[in-house]
Amino acid sequence: MSPLDSSKGGVDPNAVTVDKVTKTFPNGDSPTYALREVSFQARCGELTMIVGPSGCGKTTLLSVICGTLSIDSGSIGVFGHDLGSMSDAEVTLFRSRNVGFIFQQFNLIPTLTVVENVSIPLILQGWNYRKAEEKAAAVLEDVGLGGRLRSFPKQLSGGQQQRVAISRALVHDPKLIICDEPTASLDAKTGHHALELLKRSACAPDRCVIVVTHDSRIFSFADWIAEMEDGRVVKSCSASEYHHA
Ligand SMILES: Nc1ncnc2c1ncn2[C@@H]1O[C@H](COP(=O)(O)OP(=O)(O)OP(=O)(O)O)[C@@H](O)[C@H]1O
Ligand SMILES: [Mg+2]
């Protein structure tokens, strides 16, 4: 089995295991502690939400799980693979095969059309352009954007751009989907539909969805909730326990 294959054997129920991770950013004489010995798990088959006030480290935690940001200490396992033991090139390949992101800023490419933006993860995996666009168009249809395939991102509303970003994260059917405030610019109905799509993706036993959010309207979609404060996970429990606490 390739070390980059996510389908590692064994019975670990966790898709993601973050163990005592510290991450600092330089800041004059005293570094900013974005993560302070954070331990966190996200289970297969579940939608895990990370909540907490602005600046508490949520985006940093997602970035280290994706391997786009290095850590100072601790370890990160994704589907049983220790990111720290992989080369940068291996982490990049692992990510392109196994992870879909929805960024806090949508990160759409302004010079590409909607359908081209959504095709990117497939093209990176070697699909030909025509087949990639057909698959991208089907996913866009599913989020109600079938009529806007040839528009450019700047011609769309914030909510429509967010749906393009969601489609791009789902198009290659990744095992881990990571979303930073996926509903920030969506109205209640569209946000609900976006979460239905993400929840559907989380349901398979070998899949995992992690959503950072401030949006209490979507808390009901969570299976598990981790609450952060000042670079730490201060509470981690099932969604039903969280709501009754
Ligand atoms: N590239 C960076 N350089 C320096 N400091 C950073 C950088 N990225 C984040 N930080 C700092 O790390 C801390 C955590 O930031 P992070 O973006 O993870 O917060 P967040 O919980 O996602 O906040 P928000 O809800 O506002 O998006 C903050 O104090 C922030 O200023
Ligand atoms: Mg953030």
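When a ligand or atom number is given, it counts from 1 through the structure's own listing order.
- Contact annotation: for T59 versus ligand 1, heavy atoms closer than 4.0 Å belong to both the backbone and the side chain.
- Not a single protein heavy atom sits closer than 4.0 Å to atom 30 (C) of ligand 1.
- Given atom 12 (O) of ligand 1, the protein heavy atom at minimum distance is A34 CB, 3.5 Å.
- Taking the side chain as every heavy atom from C-beta outward, L35 and V18 never approach each other to under 4.5 Å.
- Side-chain contact between V143 and V164: absent, with no pair of heavy atoms (C-beta onward) separated by less than 4.5 Å.
- Not a single heavy atom of M228 lies less than 4.0 angstrom from ligand 1.
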With side-chain hydrogen bond (donor to acceptor under 3.5 Å, both in side chains) as the criterion, how do D72 and T24 come out once you've worked through the C-alpha distance, each side chain's angles and the decisive distance to 0.1 Å? CA-CA 7 Å; D72 299 358; T24 56; 2.5 Å; yes
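- Inter-residue side-chain proximity for K20 and S73 is flagged as unmet; no heavy-atom pair is nearer than 4.5 Å.
- For the side chain to side chain contact (heavy atoms under 4.5 Å, CB included) test with I210, the passing option among I177, D180, I50 is I50; the others fail.
- Scanning all heavy atoms of the two residues, the minimum distance from Q162 to F106 falls at OE1-CD2, 3.1 Å.
- No side-chain heavy atom of E241 sits under 4.5 Å from any side-chain heavy atom of K235.
- Once rounded to the nearest 0.5 Å, the distance linking OG1 of T17 with CZ of R43 reads 11.0 Å.
- With ligand atoms numbered from 1 in the order given, ligand 1 contributes 25 (O) to contacts under 4.0 Å with heavy atoms of H214.
- Ranking protein heavy atoms by distance to atom 3 (N) of ligand 1, first place goes to F25 CD2, 3.6 Å.
- Comparing G55, G231, S63 by heavy-atom distance to atom 14 (C) of ligand 1, the nearest is G55.
- Nearest non-hydrogen protein atom to atom 26 (O) of ligand 1 is S54 OG, 2.5 Å.
- Looking at heavy atoms from C-beta onward, F25 lies in side-chain contact with T60 at the 4.5 angstrom threshold.
- Any N or O atom pair closer than 3.5 Å counts here, and G57 shares at least one such pair with ligand 1.
- For atom 27 (O) of ligand 1, the closest heavy atom belonging to the protein is Q104 NE2, 2.9 Å.
- Annotation: E181 places no N or O atom under 3.5 Å from an N or O atom of ligand 1; distance criterion only.
- For the Mg ion (ligand 2), the set of nearby N, O or S atoms under 2.8 Å includes one belonging to T59.
- Closest to atom 18 (O) of ligand 1 among all protein heavy atoms lies T60 OG1, 2.6 Å.
- Residue K58 has at least one nitrogen or oxygen atom sitting less than 3.5 Å from a nitrogen or oxygen atom of ligand 1, judged on distance alone.
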